[in-house]
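In what follows, every heavy atom counts, from backbone to side chain, and hydrogens, waters and symmetry copies are set aside. Naming convention: chains lettered A, B, ... in sequence-line order (proteins, then strands); numbering from 1 in each chain. All values reported here derive from a predicted model rather than from experimental measurement.
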Amino acid sequence: MPSKHAKKLACEIVVDQFGEQVGKVCQTLVFKGQHSLPDLGRVTELTPPQLRNCVLVLSQHNCVQAYRVEPDAENPRTRPQVLYVALVSRILQRLRFPRMLLHVKEELGPDAEAVLEGLIEHGRLSVGQLVERASARTEDEAERSAQSEGVKEAFKQLVQARYVEKAPQAEPVLPPASEGDTKKGTRINARARAAAAKASVVESEEARAVRLSAVSDFDRFRLPSSVLGLENGAPTAAETKALSRTKRKREAELAEQAAQAAKQKADEEELVWRVNYDEFTRRFRHEAMSEFVEERMGPTAGAAVRTMLTETRGQEQSVAEKASGPVSVEAIHTILRSSPAGSALPKSSIRTALEQLAEEGSAMVTKENELGGGTYAVDMAHVVAEMRERELESVVRNRFGQGACRIFRLLRMKRMLEQKQIGEMAMIPIKDTRQLLYTLLKGHYVSLQELAKTADHVASRTFYLWRVNIPQVSEHALDEMYHGASNLRNRLQHELAQEKELLSICDDMAAGNAAGEHGSHVTLTSAQRERLEQFRQVAAVLESSLLALEKMIMLFSDF
Amino acid sequence: MAKADPDSAVFRLEEAIANLCQESDGGVTQKMLQDELPDIPLEELGSALNVLLSRHQLQMYTQASTLYYKPVNQEDRVRFRGLGSEEMLVYQIIQASQNMGIWTRDLKLRSNLQQPQITKIIKTLEGRRLIKAVKSVASKNRKVYMLYEIEPSREITGGAWYTEQEFDAEFIGVLREAVKKFVENQGKVTLEEIAAFVKSSGATKVDLRLEDYQQVANTLVYDGEVEEISEFDPDEDADTTFYRMSPMSVPETNAFTSIPCGVCPVLHECSDDGLISPATCVYYQEWLQF
């Protein structure tokens with residue numbers, strides 16, 4: 001369940017990017033839950049064509065998922081209806097686009113970046129549309145065909161790296177909950193049904209919509225034949241190499257494809273693709289963890305963990321996987337030896353680093369067995385927990401001071417303490433301790449547990465134990481971070497509004513220059529120029545702060 | 001208290017008990033008295049003991065859940081002479097409070113005496129050097145009373161960290177800094193090494209116990225500046241706790257704390273169209289001033 005400020009920020013992002021009307025629809029879905037189209041019309045008071053367009057935009061940009069609910073078997077008269085669910089976490093991840101683009105540019109080059117940019121700009125595109133978009137930039141025929149090949153190659157790389165995936169099903173069907181049970185109609189089944197209903201309450205609307213619409217893993221990253229170059233016969237050598245792992249599978253598939261090539265080709269033209277947000281999150285997560293381990297335990301440990309995470313990436317199901325797959329010291333050594341950076345690392349130092357990582361104090365990896373010189377798995381949940389705690393400690397220290405941070409950490413180490421014990425252990429006078437604890441309590445960073453010795457809960461016969469509930473604190477801090485992000489954006493908009501006049505003059509000048517009117521009659525006064533410079537600095541600070549904050553939000557929301 | 005007739009049987013019995021107690025070193029038990037004085041009925045023995053106790057000629061103590069009686073020495077007898085039962089009551093309550101001491105209000109509650117009466121009794125007892133008043137660090141204006149010869153508990157005096165009932169934050173700060181520097185320079189040290197260094201450096205004039213050093217070192221651990229590790233120590237032939245600098249201290253700032261909202265005291269009151277809003281925020285104004 002997204003927090004209050006997460007919802008608010010999501011709506012602001014949508015308004016900012018798609019306008020007021022779309023924002024209105026989004027706001028309804030975000031704050032009031034799933035709606036059918038007629039209901040949405042009533043709430044938002046938009047005309048049916050407007051509403052349809054709004055929902056289309058939101059679906060196109062992966063902000064909303066629809067699903068169909070079939071009539072209940074017990075109640076056949078109910079009409080099937082299509083419900084729309086806002087995907088708040090997906091909307092919030094839109095703030096991550098600049099980071100995704102940069103990542104792809106660094107890993108796969110500018111062509112891939114351009115393809116990704118197209119997908120980000122349009123939400124979902126078919127391969128044909130992607131090619132068209134690229135070729136629209138040039139007039140020259142020869143250049144066009146080269147570009148088309150470049151786009152297809154880049155697209156293929158993106159899909160193979162799982163950065164791009166097939167768009168999910170547009171309108172999956174929610175099977176009626178009580179399908180099998182109704183025939184028997186026994187009491188046991190009634191109970192089972194109740195349990196099932198309860199379970200589905202636990203699953204959020206958003207999670208259910210995502211689950212229903214998911215494309216099977218095999219289909220998700222299966223490349224269309226036009227990209228694989230099948231029109232010209234067999235795949236090229238480069239492609240064969242790239243696909244060598246799943247070659248046999250693919251070959252069988254290719255034979256099948258040939259049989260119904262024509263039909264499939266037509267289908268494939270229709271297929272739309274989109275950015276696979278989760279793969280980016282996974283890469284960012286791995287990178288952040290490796291960096292953390294490196295900083296905490298040294299470069300060898302960092303390199304080992306990075307290798308383990310990269311090696312087992314394909315086995316991960318969800319983004320927030322609790323542990324990596326097991327990798328042996330032998331395997332890490334072999335991989336690192338073939339990489340330029342790790343060539344000098346002896347096997348023994350890798351083993352020592354992993355042993356240290358597995359020790360009780362750090363416990364960042366777990367030893368699985370003795371195979372291959374010791375096989376280890378990264379305890380991702382633990383590493384993420386440590387990363388989060390570190391950031392929380394920094395927030396506590398900066399907001400409430402050194403003493404508060406000491407108390408916060410003390411409570412983390414000792415779990416539960418009384419006020420007097422805290423004062424003694426932290427060596428803070430009792431009066432100040434009390435003050436700090438109450439400030440922390442008010443800020444939701446510590447909680448107070450009452451433990452009455454008698455049934456009447458008299459204060460003098462009650463223990464008051466202080467503790468830090470990390471999940472609760474994290475959730476609260478995350479909401480504050482969303483609030484902060486929303487404030488950064490609002491402040492930027494406020495600054496933009498303030499300098500509106502000046503900026504429109506600048507726009508005019510730029511337009512004039514572009515049209516070739518040299519020596520335009522408008523010039524900026526020195527005061528205006530100064531203000532413009534000032535504005536640019538302010539905007540740069542706000543924007544870079546938002547990007548940095550988004551990275552930290554990612555740690556708490558998606559890792 | 002009427003003096004007993006020197007010739008009476010009661011007096012002779014008392015004499016006999018007093019002598020028996022005097023003779024044995026560690027005092028006598030009731031059982032021993034019964035064995036020594038077989039023809040005395042139990043009631044008479046009991047009342048004789050009570051009389052002796054009330055006259056402060058004998059005192060009682062328990063050892064291994066057995067009651068022992070032993071004579072009170074001459075000096076103590078002088079100090080207790082002439083004290084009434086109320087004075088003794090107050091004395092006993094104070095005695096029961098041991099090294100924690102007792103506050104006059106609690107004394108009043110327990111003894112059921114009036115405040116002026118208690119004040120008077122306390123004056124008497126203080127004058128006789130039977131009790132003393134100690135100032136508590138927990139509540140500065142509150143005096144607690146305890147037996148004269150008892151060393152006040154560390155909770156009352158605050159231990160080494162209190163000077164004149166004031167928490168000596170500066171002293172602790174100096175110690176923390178010294179310990180941190182030492183760990184930083186030495187790399188890996190034991191608690192004993194820390195103690196030896198601080199003593200030799202002259203940072204403290206007070207004699208600190210090993211636990212005190214531990215307390216100081218622990219605050220550095222809680223701050224995340226220093227960490228504790230358990231490692232095999234060849235000198236001790238066992239695992240020992242070492243202190244070393246933490247490889248990863250709490251970050252000075254992060255992406256959230258470097259924007260005004262991350263450290264804002266009124267973030268929860270901030271909204272787009274509220275009294276506090278991002279557009280009118282003074283912290284933002286200051287932050288974006290170049």
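Residues A:Ile407 and B:Tyr222 have side chains not in contact (no heavy-atom distance under 4.5 Å, counting atoms from C-beta outward). Looking at A:Arg409 and A:Met413, their side chains come closer than 4.5 Å, going by heavy atoms from C-beta outward. B:Glu193 has its side chain out of reach of B:Phe242: every pair of non-hydrogen atoms, C-beta onward, lies at least 4.5 Å apart. Between A:Pro429 and B:Trp161 there is no side-chain heavy-atom pair separated by less than 4.5 Å.
Residue A:Arg390 touches chain B through both its backbone and its side chain, counting heavy-atom pairs closer than 4.5 Å. With a 4.5 angstrom heavy-atom cutoff, B:Glu228 does not touch chain A via any of its atoms. At a 4.5 Å heavy-atom cutoff, the contact between A:Met552 and chain B is made by side-chain atoms alone. Both the backbone and the side chain of B:Gln285 come within contact range of chain A, each with at least one heavy atom under 4.5 Å from a heavy atom of that chain. Contacts between A:Met427 and chain B at a heavy-atom distance below 4.5 Å involve backbone atoms as well as side-chain atoms. Using a 4.5 Å cut-off between heavy atoms, A:Glu12 contacts chain B through its side chain alone, with no backbone atom that close. Looking at A:Lys414, the atoms closer than 4.5 Å to chain B (heavy atoms on both sides) all sit in the side chain, from C-beta outward. The parts of A:Phe292 that come within reach of chain B are both its backbone and its side chain, each placing non-hydrogen atoms under 4.5 angstrom from that chain. The contact between B:Ile172 and chain A is made entirely by side chain atoms (from C-beta outward), counting heavy-atom distances below 4.5 Å. Neither the backbone nor the side chain of A:Ile553 comes within contact range of chain B; no heavy atoms are under 4.5 Å apart. For chain A, the nearby parts of B:Asp223 are the backbone and the side chain; heavy atoms of each come within less than 4.5 Å. Residue B:Cys270 touches chain A through both its backbone and its side chain, counting heavy-atom pairs closer than 4.5 Å. At a 4.5 Å heavy-atom cutoff, B:Ser258 makes no contact with chain A through either its backbone or its side chain.
Side-chain atoms of A:Arg285 never come within 3.5 Å of backbone atoms of A:Val384 as a donor-acceptor pair (strictly under, hydrogens ignored).
By number of non-hydrogen pairs under 4.5 angstrom with chain B, the leading residue of A:Lys420, A:Glu393, A:Arg296 is A:Arg296. Between chain A and the residues B:Ser246, B:Ser249, B:Ala255, the most heavy-atom pairs under 4.5 angstrom are made by B:Ala255. Among A:Glu495, A:Glu389, A:Lys8, A:Gln498, the residue with the largest count of heavy-atom pairs under 4.5 Å with chain B is A:Lys8. For the set B:Ser271, B:Cys264, B:Cys281, B:Pro251, the count of heavy-atom pairs under 4.5 angstrom toward chain A peaks at B:Pro251. Annotation: maximal heavy-atom pairing with chain A below 4.5 Å, among B:Leu267, B:Thr280, B:Asn218, occurs at B:Leu267.
The distance from the CD atom of B:Gln186 to the CZ atom of B:Arg244 is 15.5 Å, given to the nearest 0.5 Å. Between atom CG of residue A:Leu411 and atom CE of residue A:Met425 there is a gap of 9.5 Å, rounded to the nearest 0.5 Å. To the nearest 0.5 Å, atom CE of residue A:Met481 and atom CD1 of residue B:Ile259 are 10.0 Å apart.
Side-chain contact annotation: A:His476 with A:Gln472, donor-acceptor N/O pair under 3.5 Å absent. A side-chain donor-acceptor contact under 3.5 Å links B:Gln117 and B:Glu86.
Each of B:Tyr213, B:Tyr243, B:Phe182 was evaluated against B:Phe197; a single residue qualifies, B:Phe182, per the ring-ring contact (aromatic ring centres under 6.0 Å, His included) test.
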